[in-house]
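Worksheet: one structure, shown below.
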Number of protein chains: 2
Amino acid sequence: MSTNLRINGKRLVSRLAELSRIGATPEGGCRRLALSDEDKQGRDWLVGQMQALGLTVKIDAIGNIVGILKGQEDGPAVVMGSHIDTVGTGGRFDGALGVIAGVEVLAALRDAGLQPKRDMAVIAFTNEEGARFHPDMLGSYVWAGGMSVAAAHAEKDADGAVLGTELARIGYHGPEQPGFLPAYAYLELHIEQGPILESEGGGLGAVTGIQGICWLELTLKGRPSHAGTTPMRYRKDPGLAAARINIFANELTRTIPGQLANSGVIRVQPGNVNVVPETVVMTLDLRNPLDAPLAEAEAAVRKFCAELSARDDIAISFRDLARFPATPFAEELIASVEASAAEFGLPIRRMISGAGHDAQMMSRLCPTAMVFIPSIGGLSHNPAELSTDEDMVAGANVLLSAAWRAANA
Amino acid sequence: MSTNLRINGKRLVSRLAELSRIGATPEGGCRRLALSDEDKQGRDWLVGQMQALGLTVKIDAIGNIVGILKGQEDGPAVVMGSHIDTVGTGGRFDGALGVIAGVEVLAALRDAGLQPKRDMAVIAFTNEEGARFHPDMLGSYVWAGGMSVAAAHAEKDADGAVLGTELARIGYHGPEQPGFLPAYAYLELHIEQGPILESEGGGLGAVTGIQGICWLELTLKGRPSHAGTTPMRYRKDPGLAAARINIFANELTRTIPGQLANSGVIRVQPGNVNVVPETVVMTLDLRNPLDAPLAEAEAAVRKFCAELSARDDIAISFRDLARFPATPFAEELIASVEASAAEFGLPIRRMISGAGHDAQMMSRLCPTAMVFIPSIGGLSHNPAELSTDEDMVAGANVLLSAAWRAANA
C-alpha cells in the first residue's frame, strides 16, 4: 500500500482492554446488556474516545453511535462498525473488536495526517445481541429501515422494561434519524465465533455472506399414558416423534450441501419418569449459505413430519421463530478484503458467516463485506472467548486497507 | 358357591360415592394426598364404616388402618386391602375401590350371618401413591418389613413437612406394630389403570404378578457450541444422542417379549434455539414381567450407550432411580380368582400388572393375588378415571368368593 498505513497494534489492544473493564465479570468475560448501566458506561467511554480523535459524534433515535471523519468530498460515507453490547455471559471480543478497530482505523489516518476522499465513519449499533431486547441486530435493522423507530422503542425486556424508556434513561435517545448517513460501503471486522479458522491452520476469513436461517418451533401432541400399564401399541408418544425428527434433520446435513441443523430446545410435558409424554415443544435451527437448499431442507422436514404425524397419530404444528434469507456480500468488496490481506502477506480464506451480524442489515443499503479473525477453541458468548493480539492487529490492518481503498475509490 | 354369597352392589357403589365426596375436585376427581386434611377425613369416615360393621379397628405406627373380622379359629388372617390416598389430580377409583370392596366383603358376610374359619381383615395402607412422600407403597412396604418405622417417619414432603409429624397431626400415629397381623393370603381388587381389558372386549383380569421395574436416569454431556458457526463435524450434541437412545429403547420393545420402555423426562441445557446442547438429562422406564429379559433390556441399553459415547464423544453417566424385581403372584390364588369368576359366569383373563400396588409388598409375606376391572379409556391418575358399576360389583363378587374360599381353606 503506497501510504504504508498501519494500525497502532499496541493501542488497539490497550483500547479493547479498557472497554473490557466496563462490565467485566469475575470469569474474565463481559456483561454489557443493551441499554443497561454497563452499556451506558461503555457508550460514554466510546463517545469520549471518538471525541478525543476529533470525530463528529452523532446519536440517532435508536441509540446508534456514529463517529464521522469528514472526507475531502461530500457524498456517501465508508462505514465501519459493529456493537458493544454483549450477552449475559459474554466475552471481551464479540462486537467490541469491530467498533474499536474502526476507531483505530480513523486514528491511524489521523496519525498519518491523511484525509480520505469520502467521509468515513464508525457506528456502534444498539442491541445487536438480542440478549435483552428482541430482535437481535435491532439497531442496524432500524438503521436499514427494516423496523420503525416506534416499534423498536415499544420492545420490552423479560422484566417488562421498555426499550424507549431505557434508551432515554441512559441518555442515548439521540436526535438523528436512523440511517441519516448514506453509506458507500460497509466493512465489519469480527471474531469468527466458530472453530473453522483455528482448526484449519489459522489465518483470516474473507466473509462471502451470511447464511440463510430458518428457525422453527414444533409442538407435538400425543396422548399421555401410564408407562407401566399401557401396552406399546396403545401409546402415542410425542417424545419418540421428536427424537425421530431430530435425527432426520441431522441426516439432512449429510445429504444437502452446506446444510446445518440443530435442535436446541426440547421440552417434554408432563415430564414424569412413568408417564408417556403428552406434549413436546422442540425447535429446529436450519441454516444454509444458499436459499434454495435451505428451502429444500425445510420442505424435507415438513414432509417427514407430515408422514410421521399420519403414521403415529401425533399432531404436529409449526411456528416460525425467525426466517432470514441468505445474505451474499458484495464481490468487489470481498475481493478488496482479500487484496488487503495479500498486501500484508496474511493468509486469508473465503468463508460464510454462520452467525448474524450488523453487516447483514447494512448489506440492504450498500456493498458490504466482513473480515473474520480466529476464535480460540471456536468459543463465543462465553467468558473464555479469546483471539490473539496478533490476529486482532492483522484483522484491523486488513480493515484499514480495505476501508481506505473504498474511501478513495 | 354353596353359600350363594353376593356383594350388595348398590351399597358398594353408594359407599364409594360417599368416600368420593371427601376431597372431591371440581373436575370430578379426588384429591386426598397422604396425611393431608382430606386424607384424615377419608380415614375417619372409613374407621366409622368399619366400626359400624362391628370390625375391630386397629391403627399401626405408620397409620395403616386395619379392620378385623374374627374367625372361628386363631391363626393368620385372610387380608384384603388397598389405599385411600390419591395423587394430586386423582380419580375416584384408584385404591378406594379395593378398600371399600374389602369392607363390603365383610359386610356381605355379616348380612349372611356367616363367620369364616380364619380371621379376615381389610387394610387401608398409608401413602401408596408416593405423590406426597417417598417412596410409593410406603405403608405396605413398612408393613412387610422393607423399611423401618423410624426411616418412614423421617420422610419429608416437597414443602419440608415431616411424615411422622403429619401422621400425629391427623391422629393416625397408632399404637400397633406394622405387620402385627400375620397373613394367610392377600387379595386386592383394583382398577386396571390401563387400556387392555376395555380394548380387548371387557371382562376381568386375574393378575399374575407385577412386572419388574428398572428406572434409569442418564446424564449426557457434550459440548455447547453455536448452531450457526460450528460445522456439523465439530459438534458433540447430547440431544442427538438422547434421541438415538430413546429410539433404541423403543426398538427393544419389539425384540424382547413383554418389554416396555418410556422416556418421560428429557431436559436439555442450556435450551436455546441456536446453541447445540451441552447437557441432557433423560429417564428410561424399563419394565418386563420377567427379570431375565428386563436385565437383557437394561444391558442392551447400557451397551448401546457405551458405543454411542465412544463414537460421538458424549459422556454418559447412569443413576438408578428405582429397581424392583418382577413379583410373581401365587398360582393357587390366581387360579382361585379365576374359579371365582367362573362361578359367576364372568369372563376373566390372566394379565400382568403394569403398575405397582400394595399387593407387591404383601407378596413378601404371604400368597397374594389381585383382581383387575376395566378402566374406561385406560385412564388413571386423572379426574376422568372411570369404571362401570357393573364391573365394580363383578370385581367385588370375585374378591368375596376368593377371600371366602381362602378364609375357609
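Residue numbers begin at 1 in each chain, while the letters A, B, ... track the order of the sequences. Please read these numbers as outputs of a predicted model, since none were measured by experiment. Basis for what follows: all heavy atoms, side chains included, without hydrogens, waters or symmetry-related copies.
Among the candidates B/A249, B/G356, B/P231, B/G378, the residue making the largest number of heavy-atom pairs closer than 4.5 Å to chain A is B/P231. Contact tally against chain B (heavy-atom pairs below 4.5 Å) for A/P224, A/A261, A/G239: the top residue is A/A261. Taking B/I247, B/L284, B/I213 one by one and counting their heavy-atom pairs under 4.5 Å with chain A, the maximum is reached by B/I247. Contacts with chain B were tallied for A/A243, A/G194, A/G228; A/G228 has the most, counting heavy-atom pairs under 4.5 Å.
Contact of the B/L220 side chain with the B/I245 side chain is registered, since non-hydrogen atoms from C-beta on lie closer than 4.5 Å. The shortest side-chain heavy-atom distance between A/L386 and A/L379 does not fall under the 4.5 Å cut-off. Two residues are said to be in side-chain contact when any heavy atoms from C-beta on lie closer than 4.5 Å; B/I373 and B/L197 fail this criterion.
For a residue to count as touching a neighbouring chain, one of its non-hydrogen atoms must lie under 4.5 Å from one of that chain's; by this rule A/L321 touches chain B with the side chain only. Heavy atoms closer than 4.5 Å to chain A are found in both the backbone and the side chain of B/V273. Interface residue A/V275: only backbone heavy atoms are found under 4.5 Å from chain B.
Residue A/F372 holds its CZ atom at 11.5 Å from CG of A/L204, rounded to the nearest 0.5 Å. Atom SG in B/C214 sits 5.5 Å away from atom CG in B/L294 (nearest 0.5 Å).
A pairwise comparison of heavy atoms in B/P289 and B/G258 identifies CD-O, 3.4 Å as the closest pair. Across B/A300 and B/F248, no two heavy atoms sit closer than the pair O-CE2, 3.4 Å.
With sequence neighbours left out, B/V268 forms a side-chain contact (heavy atoms from CB on, under 4.5 Å) with A/I266, B/I266, B/P277, B/V280.
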Practice prompt. Decide side chain to side chain contact (heavy atoms under 4.5 Å, CB included) for B/I314 and B/L308; before the verdict, give the C-alpha distance in whole Å, the side-chain angles of both, and the deciding distance to 0.1 Å.
Written response: CA-CA 7 Å; B/I314 303 290; B/L308 187 65; 5.8 Å; no

So which N and O atoms of chain B and chain A form donor-acceptor pairs under 3.5 Å?
| unit_1 | atom_1 | unit_2 | atom_2 | d |
| --- | --- | --- | --- | --- |
| B/Q193 | O | A/T229 | OG1 | 2.5 |
| B/E200 | OE2 | A/R233 | NH2 | 2.5 |
| B/E200 | OE2 | A/Y234 | OH | 3.4 |
| B/Q211 | NE2 | A/G228 | O | 2.8 |
| B/G228 | O | A/Q211 | NE2 | 2.8 |
| B/T229 | OG1 | A/Q193 | O | 2.5 |
| B/R233 | NH2 | A/E200 | OE2 | 2.7 |
| B/R235 | NH1 | A/A261 | O | 3.0 |
| B/A261 | O | A/R235 | NH1 | 3.0 |
| B/N262 | ND2 | A/V273 | O | 3.1 |
| B/N262 | ND2 | A/V275 | O | 3.1 |
| B/V273 | O | A/N262 | ND2 | 3.1 |
| B/V275 | O | A/N262 | ND2 | 3.1 |

